[in-house]
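Worksheet for the structure shown next.
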Amino acid sequence: MSMSDEARKNLFSAELLKWYKRERRDLPWRRSRDPYHIWVSEIMLQQTRVDTVIPYFNRFVDRFPNPKHLADAPEEDVLKHWEGLGYYSRARNLQTAVREVVERYGGQVPDNKKDISSLKGVGPYTAGAILSIAYNQPEPAVDGNVMRVLSRYYCLDDDIAKPSTRIGMESLAQGLIPSGEAADFNQALMELGAMVCTPKSPSCPECPVRSGCVALAEGRERELPIKTKAKKARPVFRVAALVEGTGPRAGKVLVRQRPDTGLLARMWELPHVEVRDEIEWDSLSVGKRLLQEASAVDGVGIQATERIVGEAQHIFTHLVWNIRVLPAVAVDEEFVADRTGYRWVGPDEFENYSWPNVFRKLLTEYYISHININ
DNA sequence: AAGCCGGGGTT
DNA sequence: AACCCAGGCTT
């Protein structure tokens, strides 16, 4: 004898909400009802875990407490506060959007779906999250947690990698929101996915809605949700130059800024080139030659050696960088120093720049090994 | 629809 | 090593 659809729905909404009000974590953004704070937290939380976000969120709202402050800040300052969080376009989009809010809405975060969805970096999830959490509007906020919870509770075989599935989940989720409880209920749904209904081994005995869960009843909770596989990351091989300064530039290293768009946009790095495959990577001579050719194009004369002084791997979602570092010298340091995009940076200036983790690691290793004990 | 975009924790 | 994470943008 199975329960009716209506009973299953009511059980879910009521029990989940009760559980959340009892068990909810004390998170920084839950201490605020400021729509701007909610917004910042939601952008940071995209594809990023709560524990990772907490320190970033606190620093960010401390430095940029309201839309006006963020709108007026230099972009490099914003990027520096995002350093290490990843997906750096989020930071630039957020600032672009905040400037729009200051100009068009007098600094007030929009409270309707049309206007808020038009903001850069605000997609269906984030729009629903802000409207529900900050304004308590009955809008769904469907993320990976919510799709996992609903897939299991209703035992749905739909592929959650498909956009059409998310659309369906939004209708389902909206219908579950108890009257006047959108803010807490949407967070409850995500909290359950994060704390109980976890991807690999859900804690079903502790689940407040286990008695209505169809997947659990059928013993299928561990096979849901269905998600088509992501492609494997493609390995690439790169050779970087560690150009040490001499004379007035002693202790400094030549670095450059990445392009305005694309991967790791506007962050800083060691000058480097990509070689064709692992064979060329191993030979070192190809890397040495390409480094010299590429540096000549940039107007920077670099003479590299064939000695390895550093090696690191940087794993992205869609590719893997394998990097070897060769010592090098600049043919003309004075000329080099003035080239756009290139700079000599020493340990004391290091923190004034934003670095991808892999170059932070390599440069830190270098600086440490060259500490001068006077 | 598929690819691009970081970094780190879990299993 | 594979998978996932309070996703969104571009093509």
Side-chain angles (χ1 to χ4, degrees), chain A residues 20 24-25 27-30 38-57 79 82-94 96-97 116-130 132-134 140-149 159-166 169-170 173 183 185-195 197-203 222 225-235 258-259 261-267 312-321 354-361:
Chain A
Y20 177 71
R24 62 183 242 157
R25 288 170 289 175
L27 303 174
W29 44 91
R30 287 184 179 162
I38 304 298
W39 182 10
V40 170
S41 75
E42 291 302 340
I43 300 298
M44 287 187 169
L45 286 163
Q46 290 171 6
Q47 297 292 285
T48 311
R49 290 166 192 283
V50 166
D51 291 342
T52 304
V53 167
I54 291 173
Y56 283 91
F57 175 83
L79 185 60
W82 213 271
E83 182 188 25
L85 248 193
Y87 288 122
Y88 299 97
S89 65
R90 291 184 296 176
R92 181 158 34 159
N93 288 342
L94 176 59
T96 300
I116 202 157
S117 298
S118 74
L119 297 171
K120 243 334 188 250
V122 178
Y125 163 75
T126 305
I130 296 171
S132 61
I133 298 171
V142 173
D143 67 345
N145 286 311
V146 175
M147 288 199 283
R148 184 171 59 254
V149 169
D159 179 4
I160 64 168
K162 294 183 183 303
S164 59
T165 301
R166 197 207 74 233
M169 293 275 183
E170 285 173 345
F185 180 77
N186 281 354
Q187 292 183 85
L189 213 33
M190 295 186 275
E191 190 89 342
L192 188 73
M195 306 302 292
C197 197
T198 53
K200 299 294 184 183
S201 50
S203 308
R222 301 177 84 100
I226 305 294
K227 187 178 184 181
T228 53
K229 272 207 281 263
K231 285 174 59 177
K232 263 186 63 177
R234 174 176 56 92
R258 294 181 58 81
T261 58
L263 189 65
L264 302 171
R266 295 186 199 180
M267 300 189 82
Q313 192 175 59
H314 196 48
I315 301 170
F316 300 87
T317 304
H318 57 298
L319 51 88
V320 179
W321 280 2
S354 299
W355 309 95
N357 250 4
V358 65
F359 291 111
R360 166 174 290 278
K361 177 167 168 284

Requested in this report: Classify the nucleic acid contact of A/Thr48 as base, sugar-phosphate or nothing, counting any heavy atom under 4.0 Å across all strands shown.
Outcome: base
Report task. Find the distance A/Leu45:CG to C/dA6:C1' and express it as a whole number of Å. Result -> 5 Å
**Report entry** Reported CG-to-SG distance for the pair A/Leu189 and A/Cys197, which is rounded to 0.5 angstrom
**Finding:** 9.5 Å
Report summary line: Taken to the nearest whole Å, CD1/A/Ile38 to C1'/C/dA6 is 12 Å
Query raised in the report: Taking the C1' atom of each, how far is C/dC4 from B/dC5, in whole Å?
Result: 16 Å
**Report entry** Sugar-phosphate only, base, or nothing, as touched by A/Arg258 at under 4.0 Å among non-hydrogen atoms
**Finding:** nothing
Query raised in the report: Given that A/Asp51 and A/Ser164 both sit by DNA chain B, which one's nearest nucleotide is further toward the 5' end?
Result: A/Ser164
Report task. Select base, sugar-phosphate, or nothing to describe what A/Gly262 touches, counting heavy atoms under 4.0 Å on all strands. Result -> sugar-phosphate
Query raised in the report: Of the nucleotides C/dC4, C/dA6, C/dG7, which has the atom closest to the A/Lys227 side chain?
Result: C/dC4
Report task. Could you work out the separation of C/dA6 and B/dT11 based on their P atoms and round it to a whole Å? Result -> 13 Å
Report task. Could you check whether A/Lys231 gets within reach of a base, just the sugar-phosphate, or nothing at all, counting any heavy atom under 4.0 Å? Result -> sugar-phosphate
Query raised in the report: Separation of A/Glu170 atom CD from C/dG7 atom P, in whole Å?
Result: 13 Å
Tabulate atom names and distances for all N/O pairs under 3.5 angstrom spanning the protein and nucleotides 9-11 of chain C.
from	atom 1	to	atom 2	distance (Å)
C/dC9	OP1	A/Gly121	N	2.8

Requested in this report: Take atom CD of A/Glu191 and atom C1' of C/dC5, then tell me their distance rounded to the nearest Å.
Outcome: 14 Å
Requested in this report: Ignoring backbone atoms, establish whether A/Gln47 has a side-chain N or O less than 4.0 Å from OP1 or OP2 of C/dG7.
Outcome: yes
**Report entry** Value in whole Å for how far the P atom of C/dG7 lies from CZ of A/Arg166
**Finding:** 12 Å
Query raised in the report: Reckon A/Trp29 touches a base, only the sugar-phosphate, or nothing at all at heavy-atom distances under 4.0 Å?
Result: base
Query - Listed partners of A/Phe359 passing ring-ring contact (aromatic ring centres under 6.0 Å, His included), at least two apart - result: A/His272
Query raised in the report: Sub-3.5 Å donor-acceptor pair from the side chain of A/Gln313 to the main-chain atoms of A/Val320, do we have one?
Result: no
Query - Contact under 4.0 Å: A/Arg148 side-chain N or O vs C/dC5 OP1/OP2 - result: yes
Query raised in the report: When rounded to the nearest 0.5 angstrom, what distance separates CG in A/Leu263 from CZ in A/Phe316?
Result: 4.5 Å
Query raised in the report: Just checking A/Val53: base, sugar-phosphate only, or nothing, at a heavy-atom cut-off of under 4.0 Å?
Result: nothing
**Report entry** Leading and trailing nucleotides of DNA chain B with any atom under 4.0 Å from heavy atoms of chain A
**Finding:** B/dA1 to B/dT11
Requested in this report: Describe the nucleic acid contact of A/Thr52 in one word from base, sugar-phosphate, nothing, applying a heavy-atom distance below 4.0 Å.
Outcome: nothing
Query raised in the report: What nucleic acid atoms does A/Leu27 come within less than 4.0 Å of, heavy atoms only: base, sugar-phosphate, or nothing?
Result: base
Requested in this report: List in chain and number order the residues that pass ring-ring contact (aromatic ring centres under 6.0 Å, His included) with A/Phe57, two or more places apart in sequence or in another chain; answer none if no residue qualifies.
Outcome: A/Trp29
Requested in this report: For A/Tyr87, answer base if it contacts any base atom (sugar-phosphate contacts may also be present), sugar-phosphate if it contacts only those atoms, and nothing otherwise; contact means non-hydrogen atoms under 4.0 Å.
Outcome: base
**Report entry** Short side-chain donor-acceptor distance under 3.5 Å, A/Asn357 and A/Arg360
**Finding:** no
Requested in this report: Would you please classify the geometry between the A/Trp321 ring and the A/His314 ring as parallel, tilted or perpendicular, with 30° and 60° separating the classes?
Outcome: tilted
Query - Whole-Å C1' distance, C/dC3 and B/dG6 - result: 16 Å
Query raised in the report: With sugar-phosphate meaning primed atoms plus P, OP1 and OP2, does A/Leu319 contact a base, only sugar-phosphate, or nothing at under 4.0 Å between heavy atoms?
Result: nothing
**Report entry** Whichever of A/Ala265 and A/Pro163 has its nearest DNA chain B nucleotide further upstream toward 5'
**Finding:** A/Pro163
**Report entry** With sequence neighbours excluded, residues passing side-chain hydrogen bond (donor to acceptor under 3.5 Å, both in side chains) with A/Thr126
**Finding:** A/Gln46
Query raised in the report: In whole Å, what is the span from the CZ atom of A/Arg90 to the C1' atom of C/dG8?
Result: 10 Å
Query raised in the report: For atom C1', what is the distance between B/dG7 and C/dT10, given to the nearest Å?
Result: 22 Å
**Report entry** Reported CD1-to-NZ distance for the pair A/Ile43 and A/Lys120, which is rounded to 0.5 angstrom
**Finding:** 12.5 Å
Requested in this report: Could you check whether A/Thr126 gets within reach of a base, just the sugar-phosphate, or nothing at all, counting any heavy atom under 4.0 Å?
Outcome: sugar-phosphate
Requested in this report: Apply side-chain hydrogen bond (donor to acceptor under 3.5 Å, both in side chains) to A/Tyr88 and list each qualifying residue two or more places apart in sequence or on a separate chain.
Outcome: none
Report task. Whole angstrom is fine here: how far is it from OH in A/Tyr125 over to P in C/dG7? Result -> 6 Å
Query raised in the report: What is the distance from CH2 of A/Trp39 to C1' of C/dA6, rounded to the nearest Å?
Result: 17 Å
Report summary line: Taken to the nearest 0.5 Å, the spacing of A/Arg148 CZ from A/Met190 CE works out to 12.0 Å
Requested in this report: Could you grab the distance from atom OG of A/Ser41 to atom CZ of A/Arg30, nearest 0.5 Å is fine?
Outcome: 9.5 Å
